Undergrad: 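Below is a structure I'd like to ask you about.
These numbers come from a predicted model, not from an experiment. In the text below, chain A, chain B and the rest are named by the order of the sequence lines, each starting its count at 1.
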There are 2 protein chains.
Amino acid sequence: MTVAQPAVELDLELVLKALSSARRLQILEWLKDPASNFPVQEIGDPEIHGACNQYIGDKLGISQPAASRHLKVLTDASLIVATPRQGWIYYRRDEEVLDAAKRLINDI
Amino acid sequence: MTVAQPAVELDLELVLKALSSARRLQILEWLKDPASNFPVQEIGDPEIHGACNQYIGDKLGISQPAASRHLKVLTDASLIVATPRQGWIYYRRDEEVLDAAKRLINDI
DNA sequence: TAGCCATATAACATATTAGTTATATGGCTA
DNA sequence: TAGCCATATAACTAATATGTTATATGGCTA
């Protein structure tokens, strides 16, 4: 019996372009464990909601707008999800989409 | 018992940059079956040696130097291998490296 | 509802990518 | 060994990517 795979519609080239940046690979790595990799946040559960733009930009050592654009590239490729919460926006990995992307890549 | 994995040293960002191009994904796809995807060649076995620069450039509809550079990007990332043979240079997939790359990507 | 503050967007500079045409290189072969 | 011919490199152009600072946007909260 096979596990049903959700029909995630992915643009392989878009996904690979999003992944082909050391900065964005680093963000995805940190988001595997937001609670360990980012400062304590008063609001929301980092394990559920991820980390916010400012923390990510600070840790990368780049400006807030630069971090914002990296997060947009990852969001446009559907690899991460944004959750607005009390004035902050938390970003987390979308493991389902990441798995779908890996399956596509395994066919290369 | 696990199958021994060769210690292929790969730069993940370099590999992903090489893969993040529709042109280069197309080349890799065609090279899965060179005999079906390229004209008959007098010299060498396409299944073993792959296809040459000119055939690839012609099929992509780009110039010979443009194809040459795409092949260089893939070669620099170790994803394909060049085999010189009687004045032509054949390019084939390196399945071992591709598999190693996929294993790295599966850890993203 | 006024204002704060996190994020997004604009405008800009610079670097990289990807195409072109022209030319150099270098291994086969006659 | 002379020359051919496939490939590589050079020089250039245009588009894209990535960083900056300045500014706009818009949801919370006091």
Undergrad: Nearest whole Å is fine: how far is D:dA6 P from B:Gln54 CD?
TA: 5 Å
Undergrad: In whole Å, I'd like the distance from the OH atom of A:Tyr90 to the P atom of C:dA6.
TA: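 Computing the A:Tyr90:OH to C:dA6:P distance gives 10 Å.
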Undergrad: Heavy atoms within less than 4.0 Å of DNA chain D: which residues of residues 11-24 of chain A have one? Give them sorted by number.
TA: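 Under 4.0 Å from DNA chain D: A:Arg23, A:Arg24.
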Undergrad: Pairs under 3.5 angstrom only: tabulate donor-acceptor contacts from the side chains of residues 62-69 of chain A to other protein residues two or more places apart or in another chain.
TA:
| unit_1 | atom_1 | unit_2 | atom_2 | d |
| --- | --- | --- | --- | --- |
| A:Ser63 | OG | A:Ala66 | N | 3.3 |

Undergrad: Distance check, rounded to the nearest 0.5 Å: A:Asp58 atom CG versus A:Phe38 atom CZ?
TA: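 Answer for the CG-CZ pair, A:Asp58 versus A:Phe38, is 10.0 Å.
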Undergrad: Between P on C:dC5 and CG on A:Asp58, what's the gap in Å once rounded to a whole number?
TA: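 Checked: the CG to P distance equals 16 Å.
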Undergrad: Working to the nearest 0.5 Å, report the span between OG of B:Ser20 and CG of A:Leu19.
TA: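 Taking OG in B:Ser20 and CG in A:Leu19, the distance rounds to 9.0 Å.
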Undergrad: If you take any heavy atom closer than 4.0 Å to DNA chain D, which residues from residues 60-78 of chain B end up in contact?
TA: B:Gln64, B:Pro65, B:Ser68
Undergrad: So, the side chain of A:Glu13 versus the backbone of B:Ala22: is there a donor-acceptor pair under 3.5 Å, distance only?
TA: yes
Undergrad: Calculate the interatomic distance between B:Ile56 atom CD1 and D:dA6 atom C1'; express it in whole Å.
TA: 13 Å
Undergrad: Rounded to the nearest Å, what distance is computed from the OH atom of residue A:Tyr91 to the P atom of nucleotide C:dA6?
TA: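 Atom-to-atom, A:Tyr91 to C:dA6, this comes out as 14 Å.
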Undergrad: Please report the distance, rounded to the nearest Å, between CH2 in B:Trp88 and P in D:dC4.
TA: 17 Å
Undergrad: Any chance you could measure A:Asp99, atom CG, to B:Ile108, atom CD1, to the nearest 0.5 Å?
TA: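 Reported value, rounded in 0.5 Å steps: 12.0 Å.
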Undergrad: Which string of ( ) [ ] | and . matches DNA chain C, if you list each base 5' to 3' and count Watson-Crick or G-U pairs only when both distances are under 3.5 Å?
TA: ||||||||||||||||||||||||||||||
Undergrad: Between atom CD1 of A:Ile80 and atom CD1 of A:Ile56, what is the distance when rounded to the nearest 0.5 Å?
TA: 6.5 Å
Undergrad: Can you hop from A:Leu104 to B:Leu16 via hydrophobic side chains spaced under 4.5 Å?
TA: yes
Undergrad: Assigning hydrophobic clusters by single linkage (Ile, Leu, Val, Met, Phe, Trp, Tyr; side-chain heavy-atom cutoff under 4.5 Å), is A:Leu74 placed with A:Leu14?
TA: no
Undergrad: Would you tabulate the side-chain donor-acceptor contacts of residues 24-31 of chain B under 3.5 Å, counting partners in other chains and residues two or more places apart, or write 'none'?
TA:
| unit_1 | atom_1 | unit_2 | atom_2 | d |
| --- | --- | --- | --- | --- |
| B:Arg24 | NE | B:Ala18 | O | 2.7 |
| B:Arg24 | NH1 | B:His70 | ND1 | 3.0 |
| B:Arg24 | NH2 | B:Lys17 | O | 3.1 |
| B:Glu29 | OE1 | B:Lys32 | NZ | 3.3 |

Undergrad: How many whole angstroms separate atom CD1 of B:Ile89 from atom P of C:dT25?
TA: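 So the CD1-P distance, B:Ile89 to C:dT25, works out to 16 Å.
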Undergrad: Not counting sequence neighbours, which residues clear salt bridge (Lys or Arg N to Asp or Glu O under 4.0 Å) with B:Arg23? List them please.
TA: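 Residues passing salt bridge (Lys or Arg N to Asp or Glu O under 4.0 Å) with B:Arg23: none at all.
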Undergrad: Does B:Tyr91 belong to the same Ile/Leu/Val/Met/Phe/Trp/Tyr cluster as B:Val73, with side-chain heavy atoms less than 4.5 Å apart forming each link?
TA: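 The answer is no; the residues belong to distinct hydrophobic clusters.
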